[in-house]
There are 2 protein chains.
Amino acid sequence: MVATAVPVVTDGPCCAPIAREPLGEADAAELATLLKAVADPVRLRLLSMIGSHAGGEACVCDLTDAFDLTAPTISHHLKVLRTAGLIDGERRGTWVYYRIIPKQVARLGALFTPLAEPVSA
Amino acid sequence: MVATAVPVVTDGPCCAPIAREPLGEADAAELATLLKAVADPVRLRLLSMIGSHAGGEACVCDLTDAFDLTAPTISHHLKVLRTAGLIDGERRGTWVYYRIIPKQVARLGALFTPLAEPVSA
DNA sequence: CTATCATTTAGACGGCTGTCGAAGCAGTCG
DNA sequence: CGACTGCTTCGACAGCCGTCTAAATGATAG
């Protein structure tokens with residue numbers, strides 16, 4: 001968390017955080033990396049499937065079956081998501097289970113959220 | 001808009017919309033296109049500069065000066081953002097001014113926002 | 001130990017993408 | 001009209017990315 005010392009004036013539906021002050025070069029580069037990780041239809045669906053799966057985690061075998069893609073390709077996409085810190089994988093016996101890391105996903109949302117509603121928390 | 005007829009159970013601070021139900025193939029493809037448009041450091045900064053500029057719009061000349069890139073390259077990035085429906089440009093005399101289209105930007109935010117707070121609207 | 005299944009890694013290949021220089025279009029100034 | 005400035009389009013090129021096949025690794029079963 002960077003916590004820029006800018007007083008957030010929630011005076012109505014103004015604009016997303018990205019539109020409050022110009023983004024620095026370094027921040028932009030880092031955020032772009034994060035965004036690139038989700039800017040792919042397959043990875044978007046993988047993330048969605050993992051997140052919406054009962055128990056909060058999904059087995060790779062289930063994920064692979066849902067696409068017309070080979071197992072290595074799915075594995076590659078999962079690695080991209082894992083490297084970006086969006087998901088975490090764990091091996092239990094024969095199968096590997098993936099789980100979403102909500103904090104990092106929320107970071108993406110915070111970027112473009114209009115902040116129209118006051119943050120009650 | 002595909003509008004899958006699934007009853008969305010908002011039973012508390014669960015997870016982002018993307019994690020409530022698996023994303024359809026078509027929706028994923030369309031969202032990926034939108035995300036690709038912002039998954040670039042230069043475009044992220046352009047969007048941020050335009051959005052945070054006084055008056056809500058920025059001249060291309062200002063934008064070009066802020067980067068170590070040639071004018072055609074900046075123009076290319078602006079076109080990508082415009083094609084994605086994120087910004088809109090208008091020529092006034094000698095200069096061209098760009099403006100953010102908040103609705104489309106908000107769509108991005110809604111994707112990953114945790115929805116921890118009840119939607120008052 | 002060997003066989004088999006689940007997943008990842010390695011290597012290769014075609015297509016997309018960011019960048020540039022050159023040229024074209026639009027508007028202003030003399 | 002003719003020259004000049006601001007921005008975009010065009011064409012080309014290097015590098016990245018998504019996909020595959022083949023092979024390696026990890027774990028269980030017989």
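First the proteins, then the strands, lettered A, B, ... as listed; each starts at 1.
Shown for residues 52-87 of chain B: residues whose heavy atoms fall under 4.0 angstrom of DNA chain D, namely Cys59(B), Val60(B), Cys61(B), Ala71(B), Pro72(B), Ser75(B), Lys79(B).
Using a distance-only test at 3.5 Å, with no hydrogens or angles considered, no donor-acceptor pair links the side chain of Ser75(B) to the main chain of Ala71(B). Within the 3.5 Å criterion, the main-chain N or O of Leu44(B) finds no donor-acceptor partner in the side chain of Ser48(B). Counting only distance, with no hydrogens or angles, the side chain of Gln104(B) and the backbone of Ala84(B) share a donor-acceptor pair below 3.5 Å. Remark: side-chain polar atoms of Glu57(B) are not paired, donor with acceptor, to backbone N or O of Ile50(B) under 3.5 angstrom. Judged by distance alone, the side chain of Arg43(B) and the main-chain N or O of Lys36(B) form a donor-acceptor pair under 3.5 Å.
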Exercise for review: Kindly indicate, with the supporting measurements, whether the criterion side-chain contact (heavy atoms from CB on, under 4.5 Å) is fulfilled by Phe112(A) and Arg107(B).
Suggested key: CA-CA 8 Å; Phe112(A) 300 103; Arg107(B) 254 186 90 201; over 6 Å; no
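In summary, contact between chain A and DNA chain C, defined as any nucleotide atom under 4.0 Å from a heavy atom of the protein, begins and ends at dA6(C) to dT9(C) in the 5' to 3' direction.
Across all strands shown, Arg43(B) has heavy atoms under 4.0 Å from sugar-phosphate atoms exclusively, and none from any base.
Under a cutoff of 6.0 Å and an axis angle of 45°, Arg91(B) and Tyr97(B) do not form a cation-pi pair. For the pair Arg45(B) and Phe67(B), the cation-pi test (distance below 6.0 Å, angle within 45°) is passed.
A close approach under 4.0 Å does not occur between any side-chain nitrogen or oxygen of Tyr97(B) and OP1 or OP2 of dG6(D).
For Lys36(B) and dC16(D), the NZ to C1' distance is 12 Å, given to the nearest whole Å.
Of the residues near DNA chain D, Thr94(A) and Ala39(A), the one whose nearest nucleotide (by heavy atom distance) lies more toward the 5' end is Ala39(A).
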